[in-house]
Amino acid sequence: MQSKQPKKYRKLTFADAQAIRAAREQNPALSLADLAAKFGVTPMSVSRVLRGVVHRKERARKLTPQEVQELRYLARTGTFTQEDLSTRFGLSQGEVSRIVNGELYAHVPPATKEQEQAARKKARDEWIEREYARAMASIPHA
């Protein structure tokens, strides 16, 4: 009796996910099985891409240790929400949460006092710029 070999599927990339979405937009009649066969993945993988469960945005960039320390400091101060920090650092909110909780970048040591002061000054300067821009935008121009 011959054993059945498991079918080999490849891993989808962000570019593949974009191509799957584009193919489905161009031809809504394409079935999940058709798209799966074209890209060498399972129909379930195609379904997850189309529903936005995976590959919603390009893979996040790696953070430097200084950025990780700054992110943790800003999260600890409560000045920014995790959603604000995700936009600021180009990450997902879930990644920010895992960094703050030490699940990601666990090897990065806590910031020194000098690094925290620099992060505080940078956040303050950015806040001043934002508030100034908002104030200027609210002034009626003649």
Side-chain angles (χ1 to χ4, degrees), residues 3-142:
S3 67
K4 191 174 180 182
Q5 292 292 321
K7 195 168 185 178
K8 298 272 185 183
Y9 293 106
R10 66 187 200 83
K11 192 170 184 159
L12 281 176
T13 64
F14 180 72
D16 292 335
Q18 287 181 310
I20 288 171
R21 289 187 190 101
R24 189 65 179 263
E25 281 180 27
Q26 289 174 354
N27 186 359
L30 278 175
S31 70
L32 296 180
D34 293 339
L35 287 168
K38 181 178 178 181
F39 288 93
V41 296
T42 65
M44 178 58 78
S45 295
V46 172
S47 174
R48 291 171 53 88
V49 166
L50 293 174
R51 288 182 288 135
V53 175
V54 293
H55 296 295
R56 286 179 296 215
K57 59 183 181 181
E58 208 161 352
R59 187 94 177 121
R61 63 186 181 84
K62 298 234 185 245
L63 298 178
T64 65
Q66 292 77 19
E67 289 174 319
V68 171
Q69 291 168 340
E70 180 182 354
L71 185 148
R72 288 180 179 154
Y73 170 76
L74 294 173
R76 195 171 56 246
T77 62
T79 308
F80 297 96
T81 65
Q82 287 186 356
E83 197 61 43
D84 294 337
L85 292 172
S86 71
T87 302
R88 180 179 178 150
F89 287 93
L91 305 167
S92 71
Q93 181 274 321
E95 288 170 314
V96 170
S97 176
R98 290 192 299 278
I99 291 169
V100 169
N101 293 328
E103 296 170 27
L104 292 177
Y105 295 98
H107 63 282
V108 176
T112 63
K113 290 287 184 197
E114 293 81 20
Q115 291 168 325
E116 284 191 359
Q117 287 173 343
R120 188 178 312 121
K121 181 183 181 326
K122 183 177 176 184
R124 185 186 68 232
D125 292 346
E126 288 175 1
W127 179 83
I128 290 170
E129 285 178 27
R130 255 191 335 270
E131 290 300 310
Y132 178 77
R134 191 162 52 103
M136 293 304 290
S138 67
I139 297 173
H141 298 290

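These numbers come from the heavy atoms of this one structure, side chains and all, not from hydrogens, waters or symmetry mates.
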Heavy-atom pair with the smallest gap, counting every atom of [X] and [Y]:
X	Y	value
Leu74	Ala123	CD2-CB, 3.6 Å
Gln93	Glu83	CB-OE1, 3.5 Å
Leu71	Leu85	O-CD1, 4.0 Å
Leu35	Ala23	CD2-CB, 3.9 Å
Leu50	Arg24	CD1-NH1, 3.0 Å
Ala33	Pro43	CA-CG, 4.2 Å

Taking side chain as C-beta onward, heavy atoms only, is [X] less than 4.5 Å from [Y]?
X	Y	answer
Lys62	Tyr105	yes
Thr13	Asp16	yes
Leu91	Ile99	yes
Val100	Val96	yes

Please report the interatomic distance [atom1]([X]) to [atom2]([Y]), rounded to the nearest 0.5 Å.
X	Y	atom1	atom2	result
Trp127	Tyr132	CH2	OH	14.5 Å
Thr77	Glu116	OG1	CD	9.5 Å
Lys122	Glu126	NZ	CD	5.5 Å

#### Entry: Under the side-chain hydrogen bond (donor to acceptor under 3.5 Å, both in side chains) test, residues paired with Arg48 that sit two or more places apart
none
### Pairing residues for Arg134 by the side-chain hydrogen bond (donor to acceptor under 3.5 Å, both in side chains) criterion, not counting sequence neighbours
Glu131
### Query
Looking at Glu70 and Arg88, does any basic side-chain N land under 4.0 Å from a carboxylate oxygen?
yes
### Message
Keeping Asn101 on the side-chain end and Glu103 on the backbone end, is there a donor-acceptor pair under 3.5 Å?
### Response
no
#### Entry: Working for side chain to side chain contact (heavy atoms under 4.5 Å, CB included), residues Phe39 and Val46
CA-CA 9 Å; Phe39 288 93; Val46 172; 5.8 Å; no
## Note on the structure
Those residues at least two apart in sequence (or on a different chain) that pass salt bridge (charged side-chain N to carboxylate O under 4.0 Å, His left out) with Lys11 are none
### Task
For the pair Leu30 and Lys38, evaluate side chain to side chain contact (heavy atoms under 4.5 Å, CB included) and give the outcome as yes or no after the intermediate values.
CA-CA 11 Å; Leu30 278 175; Lys38 181 178 178 181; over 6 Å; no
### Task
Say whether Gln115 and Gln69, considering side chains only, have a donor N or O and an acceptor N or O under 3.5 Å apart.
yes
